[in-house]
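First up is the structure itself, then whatever we jot down about it.
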Amino acid sequence: MNERTAAWPGDVPFSWRPTASLAEGSHFESTCFTMSAHLGTHADAPSHVVPGGPGAGALPLERFLGRARVVDLPGRGEVGPDALPARALGVERILFRTGGLSFLAPLAAVRLAEKGARLVGTDGASVDPEDAEDLPVHRALLERGVLLLENLDLSAVDPGEYTLIALPLRLTDLDAAPVRAVLLRQKAPGRI
């Protein structure tokens, strides 16, 4: 993350400054930074869209750690419930590769929740389109207890089964938290 990391329109971009410098006679280097909690790869907390919902500090870590499936989300624009790939259903942690071209319809989000999703991730800046003022997909998922990962870098990741490690920072009262997401490829079971 740096000053070139794209921010959601109207959001606070990343900036930093030194607070102590070896070059200026300090015995150590120290910096501070400012940014939106939704910058870069991040986890959205229910409090992002649900009044009185828990903040980022209350996110259950087990949701962000374990088996996950990466699936390509087809087409451009909104993907409805009937266009969801079958491999996306019945999966606890589902990560969508969209190339920034497609996003879920609210009813597709409901279908994912009904079929057992507990975490939905996307390589898009949001699970909603940029012009969605009321964030209906966020609401459909977070109101059903499905947590969100957004702005994942899946550009070098093939569809398939992985172990996800994406622990959000424990920023107690915030509505989102930065995440360093890692995928470990699952090995196919061997034959005896």
Side-chain angles (χ1 to χ4, degrees), residues 1 5-9 11 35-73 78-79 81 84-85 88-154 157 162 164-183:
M1 208 174 305
T5 303
W8 190 258
D11 234 345
M35 65 180 219
S36 166
H38 297 270
L39 189 70
T41 304
H42 64 276
D44 282 344
S47 64
H48 183 42
V49 295
V50 178
L59 293 172
L61 295 181
E62 64 273 5
R63 296 274 189 89
F64 300 93
L65 182 63
R67 291 185 65 106
R69 182 175 293 159
V70 175
V71 175
D72 284 329
L73 197 59
E78 187 174 78
V79 175
L84 282 170
L89 301 175
V91 179
E92 187 175 350
R93 294 174 197 86
I94 183 73
L95 308 177
F96 289 112
R97 278 187 355 161
T98 70
L101 302 175
S102 56
F103 53 89
L104 296 171
L107 287 176
V110 171
R111 167 114 8 116
L112 289 170
E114 289 173 346
K115 295 293 184 179
R118 306 302 291 148
L119 175 79
V120 172
T122 180
D123 59 357
S126 173
V127 292
D128 281 293
E130 188 174 323
D131 62 351
E133 291 181 21
D134 61 346
L135 304 178
V137 177
H138 279 78
R139 289 182 195 290
L141 292 169
L142 291 168
E143 287 175 351
R144 288 168 175 78
V146 180
L147 299 180
L148 301 176
L149 281 175
E150 295 176 317
N151 222 6
L152 293 162
D153 181 0
L154 299 174
V157 176
Y162 295 85
L164 172 68
I165 304 167
L167 303 177
L169 292 178
R170 190 175 184 189
L171 300 171
T172 308
D173 298 325
L174 274 60
D175 59 304
V179 169
R180 178 77 183 259
V182 177
L183 288 173

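Atoms CG and CZ, on L183 and R93 in that order, are 11.5 Å from each other to the nearest 0.5 Å. L61 CG to R170 CZ: the interatomic distance, rounded to the nearest 0.5 Å, is 8.5 Å. We find the CG-CG distance between L112 and L89 to be 6.0 Å, quoted to the nearest 0.5 Å. Taking CD from E92 and CG from L119, the interatomic distance works out to 8.5 Å, rounded to the nearest 0.5 Å. The distance from atom CZ of R63 to atom CG of L167, rounded to the nearest 0.5 Å, is 14.0 Å. Distance check, rounded to the nearest 0.5 Å: CD of E78 to CG of L73 gives 11.0 Å.
Between A181 and L152 the shortest heavy-atom distance is CB-CD2, 3.7 Å. Between P9 and E130, the shortest heavy-atom distance links the atoms CG-OE2, 3.2 Å. A37 and L174 get closest at one heavy-atom pair: CB-CD2, 3.9 Å. Nearest approach of A108 to V79, heavy atoms of both residues: CB-O, 3.4 Å. Residues P54 and A58 share a closest heavy-atom pair of CB-CB, 3.8 Å. Taking each heavy atom of A45 and L59 in turn, the nearest pair found is CA-CD2, 3.9 Å.
By the 4.5 Å heavy-atom criterion applied to side chains, L149 and T122 are not counted as neighbours. Here the side chains of F103 and S126 are not in contact, with every heavy-atom distance at 4.5 Å or above. Looking at heavy atoms from C-beta onward, P46 lies in side-chain contact with L147 at the 4.5 angstrom threshold. Side-chain atoms of V71 and L84, non-hydrogen and from C-beta on, never get closer than 4.5 Å to each other. Two residues are said to be in side-chain contact when any heavy atoms from C-beta on lie closer than 4.5 Å; L164 and Y162 fail this criterion. With a 4.5 Å cut-off on side-chain heavy atoms, P136 and D128 count as touching. Looking at heavy atoms from C-beta onward, V127 lies out of side-chain contact with F96 at the 4.5 angstrom threshold.
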Hey, mind stepping through D11 and L39 against side chain to side chain contact (heavy atoms under 4.5 Å, CB included) and telling me if it holds?
CA-CA 8 Å; D11 234 345; L39 189 70; over 6 Å; no
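Of the possible polar contacts, one joining the D123 side chain to the G99 backbone as a donor-acceptor pair under 3.5 Å is found. Using a distance-only test at 3.5 Å, with no hydrogens or angles considered, a donor-acceptor pair links the side chain of R144 to the main chain of A140. R139 places a side-chain N or O within 3.5 Å of a backbone atom of D134 that can act as its donor or acceptor partner.
The residue from L95, V137, L141 that alone fulfils the side-chain contact (heavy atoms from CB on, under 4.5 Å) condition with V120 is L141.
No hydrogens or angles considered: a donor-acceptor pair under 3.5 Å links the side chains of H38 and D175.
Between H138 and H48, the two ring planes are perpendicular [angle over 60°; tilted spans 30° to 60°].
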